[in-house]
Amino acid sequence: MRHEHLISAKQLSREDIETVLDRAAEIAADPEAVAEACDGSLLALCFFEPSTRTKMSFETAITRLGGDATDMGGVESSSVKKGESLADTVRVIEGYADAIVLRHPSEGAAKLASQFVDVPVINAGDGAGQHPTQTLLDLYTIRENAGFDDLSVGIMGDLKYGRTVHSLAHALTNVDANQHFISPESLRLPRSVRYDLHEAGANVHEYTEIDDVLGALDVLYVTRIQRERFPDENEYRQVAGEYRIDAELLESADDELTVMHPLPRVDEIAADVDETNHATYFEQAHNGVPVRMALLEAML
Amino acid sequence: MTDTELRVSKIRNGTVIDHITAGQAINVLAILGIDGSSGEEVSVGMNVPSDRLGRKDIVKVEGRELSQNEVDVLSLIAPAATINIVRDFDVIEKHRVSRPDVVSGVLSCPNANCITTGDEPVESQFEVLDDGVRCTYCETIIRDSIAAHISVA
Ligand SMILES: [Zn+2]
(Lines give C-alpha, C1' and ligand atoms only; values in the text may rest on other atoms or scores of the structure.)
Protein backbone atom coordinates (compact mmCIF):
# COMPACT_ATOMS: atom_id res chain seq x y z
CA MET A 1 0.00 0.00 0.00
CA ARG A 2 1.33 3.37 -0.97
CA HIS A 3 -0.82 5.37 1.43
CA GLU A 4 0.82 7.40 4.11
CA HIS A 5 -2.31 7.39 6.24
CA LEU A 6 -5.38 5.20 6.33
CA ILE A 7 -8.32 7.55 6.87
CA SER A 8 -11.20 6.20 4.79
CA ALA A 9 -12.16 3.04 2.96
CA LYS A 10 -12.62 5.28 -0.06
CA GLN A 11 -8.82 5.40 -0.41
CA LEU A 12 -8.63 1.68 -0.98
CA SER A 13 -8.47 0.30 -4.50
CA ARG A 14 -9.26 -3.30 -5.35
CA GLU A 15 -5.52 -3.87 -5.61
CA ASP A 16 -4.85 -2.36 -2.16
CA ILE A 17 -7.55 -4.55 -0.68
CA GLU A 18 -6.29 -7.74 -2.32
CA THR A 19 -2.71 -6.96 -1.28
CA VAL A 20 -3.62 -6.59 2.40
CA LEU A 21 -5.95 -9.60 2.40
CA ASP A 22 -3.43 -11.85 0.65
CA ARG A 23 -0.74 -10.85 3.09
CA ALA A 24 -3.14 -11.34 6.02
CA ALA A 25 -3.83 -14.88 4.80
CA GLU A 26 -0.11 -15.62 4.65
CA ILE A 27 0.36 -14.23 8.14
CA ALA A 28 -2.58 -16.21 9.50
CA ALA A 29 -1.05 -19.38 8.05
CA ASP A 30 2.42 -18.72 9.47
CA PRO A 31 2.46 -15.97 12.12
CA GLU A 32 5.96 -16.96 13.29
CA ALA A 33 7.42 -15.74 10.00
CA VAL A 34 6.61 -12.11 10.88
CA ALA A 35 7.40 -12.31 14.60
CA GLU A 36 10.13 -9.69 14.19
CA ALA A 37 8.77 -7.78 11.20
CA CYS A 38 8.15 -4.60 13.22
CA ASP A 39 10.91 -5.08 15.77
CA GLY A 40 11.56 -1.76 17.49
CA SER A 41 8.40 -0.03 16.20
CA LEU A 42 6.11 1.72 18.63
CA LEU A 43 2.42 2.20 17.91
CA ALA A 44 0.49 4.92 19.77
CA LEU A 45 -3.08 4.01 20.64
CA CYS A 46 -5.15 7.19 21.00
CA PHE A 47 -8.68 6.27 21.90
CA PHE A 48 -10.86 9.27 22.72
CA GLU A 49 -13.84 6.93 23.00
CA PRO A 50 -14.06 3.73 24.94
CA SER A 51 -13.25 0.66 22.87
CA THR A 52 -11.91 -2.58 24.16
CA ARG A 53 -12.03 -4.69 21.04
CA THR A 54 -10.41 -2.53 18.41
CA LYS A 55 -7.72 -1.35 20.80
CA MET A 56 -6.84 -4.86 21.94
CA SER A 57 -6.77 -6.06 18.37
CA PHE A 58 -4.22 -3.39 17.38
CA GLU A 59 -2.20 -4.06 20.51
CA THR A 60 -2.13 -7.78 19.76
CA ALA A 61 -1.21 -7.18 16.13
CA ILE A 62 1.78 -4.93 16.87
CA THR A 63 2.99 -7.22 19.66
CA ARG A 64 2.87 -10.27 17.39
CA LEU A 65 4.95 -8.33 14.85
CA GLY A 66 7.63 -7.78 17.46
CA GLY A 67 6.74 -4.13 18.11
CA ASP A 68 5.19 -2.36 21.07
CA ALA A 69 2.15 -0.23 21.79
CA THR A 70 1.83 2.80 24.00
CA ASP A 71 -1.62 3.75 25.19
CA MET A 72 -2.77 7.34 25.69
CA GLY A 73 -5.16 6.09 28.36
CA GLY A 74 -8.72 7.27 28.85
CA VAL A 75 -9.76 10.78 27.93
CA GLU A 76 -10.72 11.37 31.55
CA SER A 77 -7.10 11.33 32.67
CA SER A 78 -5.55 13.12 29.70
CA SER A 79 -4.78 16.66 28.62
CA VAL A 80 -7.87 16.57 26.45
CA LYS A 81 -9.85 16.94 29.62
CA LYS A 82 -8.03 20.22 30.12
CA GLY A 83 -9.20 21.44 26.72
CA GLU A 84 -6.25 20.55 24.51
CA SER A 85 -7.06 20.43 20.80
CA LEU A 86 -6.71 17.20 18.85
CA ALA A 87 -4.16 18.93 16.62
CA ASP A 88 -1.94 19.58 19.65
CA THR A 89 -2.43 16.13 21.15
CA VAL A 90 -1.32 14.30 18.01
CA ARG A 91 1.64 16.63 17.48
CA VAL A 92 2.89 15.72 20.95
CA ILE A 93 2.27 12.00 20.47
CA GLU A 94 4.00 11.91 17.09
CA GLY A 95 7.23 12.53 18.97
CA TYR A 96 6.76 9.32 20.94
CA ALA A 97 5.64 6.81 18.33
CA ASP A 98 6.09 5.55 14.77
CA ALA A 99 2.37 5.55 13.93
CA ILE A 100 -0.87 6.72 15.54
CA VAL A 101 -4.07 4.71 15.77
CA LEU A 102 -6.92 7.14 16.41
CA ARG A 103 -10.47 6.60 17.61
CA HIS A 104 -12.43 9.81 18.10
CA PRO A 105 -16.10 10.77 18.56
CA SER A 106 -16.06 13.51 15.87
CA GLU A 107 -16.35 12.92 12.14
CA GLY A 108 -13.24 14.05 10.28
CA ALA A 109 -10.94 13.67 13.32
CA ALA A 110 -8.50 11.28 11.63
CA LYS A 111 -8.30 13.45 8.54
CA LEU A 112 -7.54 16.48 10.68
CA ALA A 113 -4.92 14.58 12.70
CA SER A 114 -3.19 13.43 9.51
CA GLN A 115 -2.68 17.05 8.47
CA PHE A 116 -0.66 17.83 11.58
CA VAL A 117 1.74 14.90 11.80
CA ASP A 118 4.31 13.13 9.62
CA VAL A 119 3.87 9.65 11.09
CA PRO A 120 1.10 7.47 9.61
CA VAL A 121 -2.37 7.96 11.12
CA ILE A 122 -4.72 4.99 11.09
CA ASN A 123 -8.39 5.82 11.56
CA ALA A 124 -9.89 3.40 14.06
CA GLY A 125 -13.29 5.09 13.92
CA ASP A 126 -14.29 8.78 13.66
CA GLY A 127 -17.80 9.43 14.97
CA ALA A 128 -20.34 8.26 12.40
CA GLY A 129 -17.69 8.54 9.69
CA GLN A 130 -15.36 5.72 8.76
CA HIS A 131 -13.66 2.67 10.24
CA PRO A 132 -11.44 1.35 7.44
CA THR A 133 -9.50 -1.32 9.35
CA GLN A 134 -12.79 -2.91 10.40
CA THR A 135 -13.69 -2.90 6.72
CA LEU A 136 -10.52 -4.75 5.77
CA LEU A 137 -11.25 -7.50 8.27
CA ASP A 138 -14.86 -7.58 7.11
CA LEU A 139 -13.69 -7.98 3.52
CA TYR A 140 -11.26 -10.70 4.56
CA THR A 141 -14.10 -12.57 6.21
CA ILE A 142 -16.36 -12.09 3.20
CA ARG A 143 -13.68 -13.28 0.79
CA GLU A 144 -12.91 -16.37 2.89
CA ASN A 145 -16.57 -17.34 3.23
CA ALA A 146 -18.32 -16.16 0.08
CA GLY A 147 -15.68 -14.93 -2.36
CA PHE A 148 -15.75 -11.61 -4.24
CA ASP A 149 -17.65 -12.69 -7.36
CA ASP A 150 -21.35 -12.31 -8.02
CA LEU A 151 -21.91 -11.44 -4.41
CA SER A 152 -25.13 -10.30 -2.72
CA VAL A 153 -24.46 -8.52 0.56
CA GLY A 154 -27.23 -7.41 2.91
CA ILE A 155 -26.36 -4.72 5.45
CA MET A 156 -28.92 -4.28 8.21
CA GLY A 157 -29.54 -2.04 11.21
CA ASP A 158 -28.26 1.47 11.86
CA LEU A 159 -27.12 2.54 8.42
CA LYS A 160 -27.23 6.24 9.23
CA TYR A 161 -24.72 6.41 12.08
CA GLY A 162 -22.92 3.10 11.62
CA ARG A 163 -19.35 3.88 10.57
CA THR A 164 -18.60 0.23 9.87
CA VAL A 165 -21.50 0.31 7.41
CA HIS A 166 -20.25 3.46 5.66
CA SER A 167 -16.75 2.06 5.24
CA LEU A 168 -17.91 -1.35 4.10
CA ALA A 169 -20.36 0.06 1.56
CA HIS A 170 -17.62 2.17 -0.03
CA ALA A 171 -15.22 -0.75 -0.16
CA LEU A 172 -17.75 -3.14 -1.68
CA THR A 173 -17.95 -0.93 -4.76
CA ASN A 174 -14.53 -2.41 -5.64
CA VAL A 175 -15.87 -5.93 -5.95
CA ASP A 176 -18.63 -7.59 -7.92
CA ALA A 177 -21.33 -7.05 -5.29
CA ASN A 178 -24.98 -6.16 -5.14
CA GLN A 179 -25.61 -4.19 -1.97
CA HIS A 180 -28.91 -4.54 -0.13
CA PHE A 181 -29.58 -2.11 2.71
CA ILE A 182 -32.19 -3.02 5.31
CA SER A 183 -33.15 -0.44 7.93
CA PRO A 184 -35.97 1.57 9.45
CA GLU A 185 -36.83 4.68 7.47
CA SER A 186 -35.19 6.95 10.06
CA LEU A 187 -31.84 5.14 9.92
CA ARG A 188 -31.31 4.91 6.16
CA LEU A 189 -27.90 5.58 4.60
CA PRO A 190 -26.85 9.22 4.87
CA ARG A 191 -26.82 11.42 1.79
CA SER A 192 -23.01 11.52 1.61
CA VAL A 193 -22.68 7.73 1.42
CA ARG A 194 -25.48 7.46 -1.11
CA TYR A 195 -23.71 10.07 -3.20
CA ASP A 196 -20.46 8.09 -3.23
CA LEU A 197 -22.18 4.80 -4.00
CA HIS A 198 -23.98 6.47 -6.87
CA GLU A 199 -20.72 8.00 -8.15
CA ALA A 200 -19.03 4.60 -7.96
CA GLY A 201 -21.86 3.05 -9.97
CA ALA A 202 -22.80 0.65 -7.17
CA ASN A 203 -25.83 -1.64 -7.32
CA VAL A 204 -27.82 -0.39 -4.36
CA HIS A 205 -31.19 -1.69 -3.18
CA GLU A 206 -33.05 -0.56 -0.06
CA TYR A 207 -35.63 -2.33 2.09
CA THR A 208 -37.40 -1.80 5.36
CA GLU A 209 -38.02 -5.52 5.90
CA ILE A 210 -35.42 -8.26 6.00
CA ASP A 211 -37.93 -10.84 4.72
CA ASP A 212 -38.00 -9.08 1.36
CA VAL A 213 -34.41 -9.93 0.56
CA LEU A 214 -33.10 -12.55 3.00
CA GLY A 215 -33.42 -15.49 0.58
CA ALA A 216 -31.22 -13.75 -2.03
CA LEU A 217 -28.26 -12.99 0.22
CA ASP A 218 -24.80 -14.57 0.40
CA VAL A 219 -23.77 -12.37 3.32
CA LEU A 220 -25.87 -10.65 5.99
CA TYR A 221 -24.01 -7.96 7.92
CA VAL A 222 -25.97 -7.04 11.05
CA THR A 223 -25.35 -3.88 13.08
CA ARG A 224 -26.73 -2.65 16.34
CA ILE A 225 -29.52 -0.09 16.55
CA GLN A 226 -28.73 2.15 19.49
CA ARG A 227 -31.15 3.36 22.07
CA GLU A 228 -29.90 6.96 21.84
CA ARG A 229 -31.00 7.28 18.21
CA PHE A 230 -34.64 7.33 19.29
CA PRO A 231 -36.63 9.93 21.21
CA ASP A 232 -38.34 7.40 23.44
CA GLU A 233 -37.94 3.90 24.77
CA ASN A 234 -41.13 2.52 23.19
CA GLU A 235 -40.26 3.60 19.71
CA TYR A 236 -36.76 2.18 20.10
CA ARG A 237 -38.03 -1.20 21.30
CA GLN A 238 -40.52 -1.48 18.52
CA VAL A 239 -38.01 -0.64 15.80
CA ALA A 240 -35.12 -2.64 17.24
CA GLY A 241 -37.35 -5.70 17.51
CA GLU A 242 -37.96 -5.67 13.77
CA TYR A 243 -34.25 -5.78 12.96
CA ARG A 244 -33.35 -8.78 15.02
CA ILE A 245 -32.48 -12.18 13.64
CA ASP A 246 -32.76 -15.65 15.15
CA ALA A 247 -32.32 -19.24 14.02
CA GLU A 248 -35.96 -19.57 13.01
CA LEU A 249 -35.79 -16.57 10.68
CA LEU A 250 -32.62 -17.94 9.08
CA GLU A 251 -34.44 -21.12 8.04
CA SER A 252 -35.67 -19.17 5.03
CA ALA A 253 -32.12 -18.06 4.14
CA ASP A 254 -29.67 -19.76 1.80
CA ASP A 255 -27.85 -22.65 3.53
CA GLU A 256 -24.56 -20.96 2.73
CA LEU A 257 -25.52 -17.55 4.13
CA THR A 258 -22.68 -15.94 6.09
CA VAL A 259 -23.92 -13.88 9.05
CA MET A 260 -21.53 -11.18 10.23
CA HIS A 261 -21.55 -8.48 12.93
CA PRO A 262 -18.83 -5.98 13.93
CA LEU A 263 -19.53 -6.78 17.60
CA PRO A 264 -20.30 -6.14 20.36
CA ARG A 265 -23.87 -7.32 19.83
CA VAL A 266 -26.66 -6.89 22.30
CA ASP A 267 -29.71 -8.81 21.18
CA GLU A 268 -29.90 -8.12 17.44
CA ILE A 269 -28.54 -11.62 16.80
CA ALA A 270 -30.18 -14.16 19.08
CA ALA A 271 -27.88 -16.61 20.87
CA ASP A 272 -29.45 -19.54 18.98
CA VAL A 273 -27.83 -18.28 15.76
CA ASP A 274 -24.41 -19.02 17.30
CA GLU A 275 -25.11 -22.73 16.93
CA THR A 276 -25.93 -22.50 13.22
CA ASN A 277 -23.33 -22.73 10.46
CA HIS A 278 -24.31 -19.18 9.43
CA ALA A 279 -22.61 -17.63 12.45
CA THR A 280 -19.32 -16.06 11.35
CA TYR A 281 -18.98 -13.09 13.72
CA PHE A 282 -16.45 -14.61 16.12
CA GLU A 283 -14.28 -15.75 13.22
CA GLN A 284 -14.69 -12.21 11.85
CA ALA A 285 -13.43 -10.68 15.11
CA HIS A 286 -10.43 -13.03 15.17
CA ASN A 287 -9.55 -12.02 11.62
CA GLY A 288 -8.87 -8.53 12.95
CA VAL A 289 -5.44 -9.57 14.17
CA PRO A 290 -3.85 -10.97 10.96
CA VAL A 291 -5.48 -8.20 8.89
CA ARG A 292 -4.14 -5.46 11.19
CA MET A 293 -0.75 -7.21 11.23
CA ALA A 294 -0.65 -7.10 7.43
CA LEU A 295 -1.62 -3.44 7.47
CA LEU A 296 0.88 -2.41 10.13
CA GLU A 297 3.65 -4.34 8.42
CA ALA A 298 2.94 -2.40 5.23
CA MET A 299 2.61 1.01 6.87
CA LEU A 300 5.39 0.98 9.47
CA MET B 1 -21.89 55.59 -16.98
CA THR B 2 -25.13 53.74 -17.50
CA ASP B 3 -28.46 54.54 -15.99
CA THR B 4 -28.39 51.61 -13.58
CA GLU B 5 -24.97 52.44 -12.23
CA LEU B 6 -26.23 55.85 -11.24
CA ARG B 7 -28.80 54.40 -8.92
CA VAL B 8 -26.17 53.71 -6.28
CA SER B 9 -23.53 56.19 -5.35
CA LYS B 10 -19.95 55.99 -6.65
CA ILE B 11 -17.18 54.93 -4.33
CA ARG B 12 -13.65 56.31 -4.07
CA ASN B 13 -11.67 53.26 -2.97
CA GLY B 14 -13.13 49.82 -2.54
CA THR B 15 -15.00 47.11 -4.37
CA VAL B 16 -18.08 47.00 -6.55
CA ILE B 17 -19.65 43.58 -6.87
CA ASP B 18 -21.90 43.68 -9.89
CA HIS B 19 -24.14 41.18 -11.67
CA ILE B 20 -25.09 39.44 -8.45
CA THR B 21 -27.98 37.02 -8.90
CA ALA B 22 -31.11 39.01 -7.99
CA GLY B 23 -32.07 38.42 -4.36
CA GLN B 24 -28.55 37.47 -3.23
CA ALA B 25 -27.21 40.89 -2.15
CA ILE B 26 -27.98 40.22 1.50
CA ASN B 27 -26.05 36.96 1.33
CA VAL B 28 -23.12 38.71 -0.33
CA LEU B 29 -23.04 41.10 2.61
CA ALA B 30 -23.07 38.11 4.94
CA ILE B 31 -20.07 36.59 3.11
CA LEU B 32 -18.23 39.88 3.59
CA GLY B 33 -19.21 39.86 7.24
CA ILE B 34 -20.96 43.19 6.85
CA ASP B 35 -23.98 43.79 9.07
CA GLY B 36 -23.73 47.57 9.30
CA SER B 37 -22.38 47.54 12.83
CA SER B 38 -18.74 48.08 11.96
CA GLY B 39 -19.25 51.35 10.14
CA GLU B 40 -18.39 50.46 6.51
CA GLU B 41 -19.93 52.66 3.84
CA VAL B 42 -22.04 50.28 1.78
CA SER B 43 -24.52 50.81 -1.06
CA VAL B 44 -26.82 48.03 -2.12
CA GLY B 45 -28.98 47.88 -5.24
CA MET B 46 -31.57 45.15 -5.48
CA ASN B 47 -33.52 43.95 -8.50
CA VAL B 48 -31.85 46.49 -10.76
CA PRO B 49 -32.61 45.96 -14.49
CA SER B 50 -29.74 44.24 -16.27
CA ASP B 51 -29.10 43.44 -19.93
CA ARG B 52 -27.36 40.20 -19.06
CA LEU B 53 -29.45 38.93 -16.19
CA GLY B 54 -32.84 40.61 -16.53
CA ARG B 55 -32.61 41.68 -12.90
CA LYS B 56 -29.51 41.82 -10.75
CA ASP B 57 -28.26 42.98 -7.38
CA ILE B 58 -25.21 45.18 -6.88
CA VAL B 59 -23.10 45.87 -3.80
CA LYS B 60 -20.54 48.67 -3.37
CA VAL B 61 -18.25 48.69 -0.38
CA GLU B 62 -15.97 51.61 0.45
CA GLY B 63 -12.48 50.78 1.71
CA ARG B 64 -12.68 47.04 1.41
CA GLU B 65 -11.20 44.38 -0.89
CA LEU B 66 -12.29 40.77 -0.99
CA SER B 67 -10.16 37.84 0.06
CA GLN B 68 -9.86 34.83 -2.24
CA ASN B 69 -11.94 32.77 0.22
CA GLU B 70 -14.74 35.34 0.03
CA VAL B 71 -14.63 35.45 -3.77
CA ASP B 72 -14.77 31.63 -3.91
CA VAL B 73 -17.92 31.41 -1.81
CA LEU B 74 -19.42 34.37 -3.64
CA SER B 75 -19.09 32.41 -6.88
CA LEU B 76 -21.33 29.70 -5.47
CA ILE B 77 -24.29 31.98 -4.77
CA ALA B 78 -23.70 34.51 -7.56
CA PRO B 79 -22.01 32.68 -10.42
CA ALA B 80 -22.30 35.60 -12.85
CA ALA B 81 -20.87 38.22 -10.48
CA THR B 82 -18.15 40.62 -11.56
CA ILE B 83 -15.73 42.18 -9.14
CA ASN B 84 -14.49 45.70 -9.77
CA ILE B 85 -11.70 47.10 -7.68
CA VAL B 86 -11.90 50.87 -7.46
CA ARG B 87 -9.06 53.33 -6.67
CA ASP B 88 -9.71 57.09 -6.80
CA PHE B 89 -13.09 56.56 -8.48
CA ASP B 90 -11.52 54.48 -11.31
CA VAL B 91 -12.01 50.80 -11.89
CA ILE B 92 -8.42 49.52 -11.90
CA GLU B 93 -9.22 45.83 -12.01
CA LYS B 94 -12.29 43.92 -13.15
CA HIS B 95 -12.87 40.20 -13.21
CA ARG B 96 -15.64 37.63 -13.24
CA VAL B 97 -15.86 35.07 -10.51
CA SER B 98 -15.19 31.44 -11.39
CA ARG B 99 -16.34 28.31 -9.65
CA PRO B 100 -13.44 26.88 -7.62
CA ASP B 101 -12.81 23.19 -6.82
CA VAL B 102 -12.57 23.89 -3.12
CA VAL B 103 -13.77 26.68 -0.82
CA SER B 104 -12.05 27.37 2.51
CA GLY B 105 -13.35 29.35 5.46
CA VAL B 106 -16.46 31.57 5.22
CA LEU B 107 -18.89 28.60 5.34
CA SER B 108 -19.27 26.48 8.44
CA CYS B 109 -20.12 22.79 8.45
CA PRO B 110 -23.75 22.10 9.38
CA ASN B 111 -22.76 18.83 11.08
CA ALA B 112 -22.45 19.70 14.77
CA ASN B 113 -20.35 16.58 15.26
CA CYS B 114 -17.80 17.57 12.61
CA ILE B 115 -14.24 18.03 13.91
CA THR B 116 -14.10 21.50 12.26
CA THR B 117 -16.89 22.82 14.46
CA GLY B 118 -14.80 22.28 17.59
CA ASP B 119 -11.80 24.26 18.82
CA GLU B 120 -9.30 23.03 16.28
CA PRO B 121 -6.79 25.26 14.48
CA VAL B 122 -8.23 24.64 11.01
CA GLU B 123 -10.49 26.49 8.59
CA SER B 124 -13.57 24.77 7.28
CA GLN B 125 -13.06 23.32 3.81
CA PHE B 126 -15.61 22.20 1.25
CA GLU B 127 -15.21 20.42 -2.04
CA VAL B 128 -17.41 22.01 -4.72
CA LEU B 129 -19.79 19.54 -6.36
CA ASP B 130 -21.97 20.10 -9.43
CA ASP B 131 -24.98 20.75 -7.22
CA GLY B 132 -23.63 21.73 -3.82
CA VAL B 133 -20.59 21.53 -1.59
CA ARG B 134 -19.17 18.80 0.61
CA CYS B 135 -17.17 19.09 3.84
CA THR B 136 -13.75 17.58 3.19
CA TYR B 137 -13.52 16.49 6.84
CA CYS B 138 -16.85 14.84 7.67
CA GLU B 139 -18.15 14.56 4.07
CA THR B 140 -21.52 16.16 4.86
CA ILE B 141 -23.12 17.45 1.67
CA ILE B 142 -24.91 20.82 1.51
CA ARG B 143 -27.22 20.89 -1.51
CA ASP B 144 -29.51 23.86 -1.15
CA SER B 145 -29.26 27.11 0.75
CA ILE B 146 -25.48 27.34 0.87
CA ALA B 147 -25.99 30.88 2.11
CA ALA B 148 -27.56 29.55 5.30
CA HIS B 149 -24.16 28.13 6.26
CA ILE B 150 -22.16 31.33 6.06
CA SER B 151 -20.40 31.53 9.39
CA VAL B 152 -21.03 34.57 11.51
CA ALA B 153 -17.57 35.26 12.88
ZN1 LIG C 1 -17.91 18.71 8.33
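Every value quoted in this text rests on a predicted model; they were computed, and no experiment measured them. Every chain is numbered from 1, with letters handed out A, B, ... down the list of sequences.
Interface residue B:Asn113: backbone and side-chain heavy atoms are both found under 4.5 Å from chain A. For chain B, no part of A:Pro190 is nearby; none of its heavy atoms comes within less than 4.5 Å.
Atom CG of B:Asp131 is surrounded by more than 12 heavy atoms from other residues, nucleotides or ligands within 6.0 Å.
With values rounded to the nearest 0.5 angstrom, B:Lys56 atom NZ is found 7.0 Å from B:Thr82 atom OG1.
Ion pairing of A:Glu206 with A:Arg194 is present here, as a side-chain N (NZ or NE/NH1/NH2) and a carboxylate O approach within less than 4.0 Å. Salt-bridge formation is not detected for the pair A:Asp158/A:Arg224: no Lys NZ or Arg NE/NH1/NH2 atom is positioned less than 4.0 Å from an Asp or Glu carboxylate oxygen. Using a 4.0 Å cut-off between charged nitrogen and carboxylate oxygen, B:Arg64 and B:Glu70 count as a salt-bridge pair. A salt bridge does not link B:Glu62 with B:Lys10: every distance from a Lys NZ or Arg NE/NH1/NH2 to an Asp or Glu carboxylate oxygen is 4.0 Å or more.
Among residues 125-132 of chain A, the residues having any heavy atom closer than 4.5 Å to a heavy atom of chain B are, in sequence order, A:Gly127. Heavy-atom neighbours of chain A within the stretch residues 135-142 of chain B, taken at a separation under 4.5 angstrom, comprise B:Thr136, B:Tyr137, B:Cys138, B:Glu139, B:Ile141.
Side-chain contact between B:Lys94 and B:Ile83: absent, with no pair of heavy atoms (C-beta onward) separated by less than 4.5 Å.
Using bins of under 30°, 30° to 60° and over 60° for the plane-to-plane angle, the ring pair A:His104/A:Phe48 lands in the tilted bin.
A donor-acceptor contact shorter than 3.5 Å links the side chain of A:Asn174 to the backbone of A:Leu12.
Scanning all heavy atoms of the two residues, the minimum distance from B:Lys60 to B:Ile11 falls at CB-CG2, 4.0 Å.
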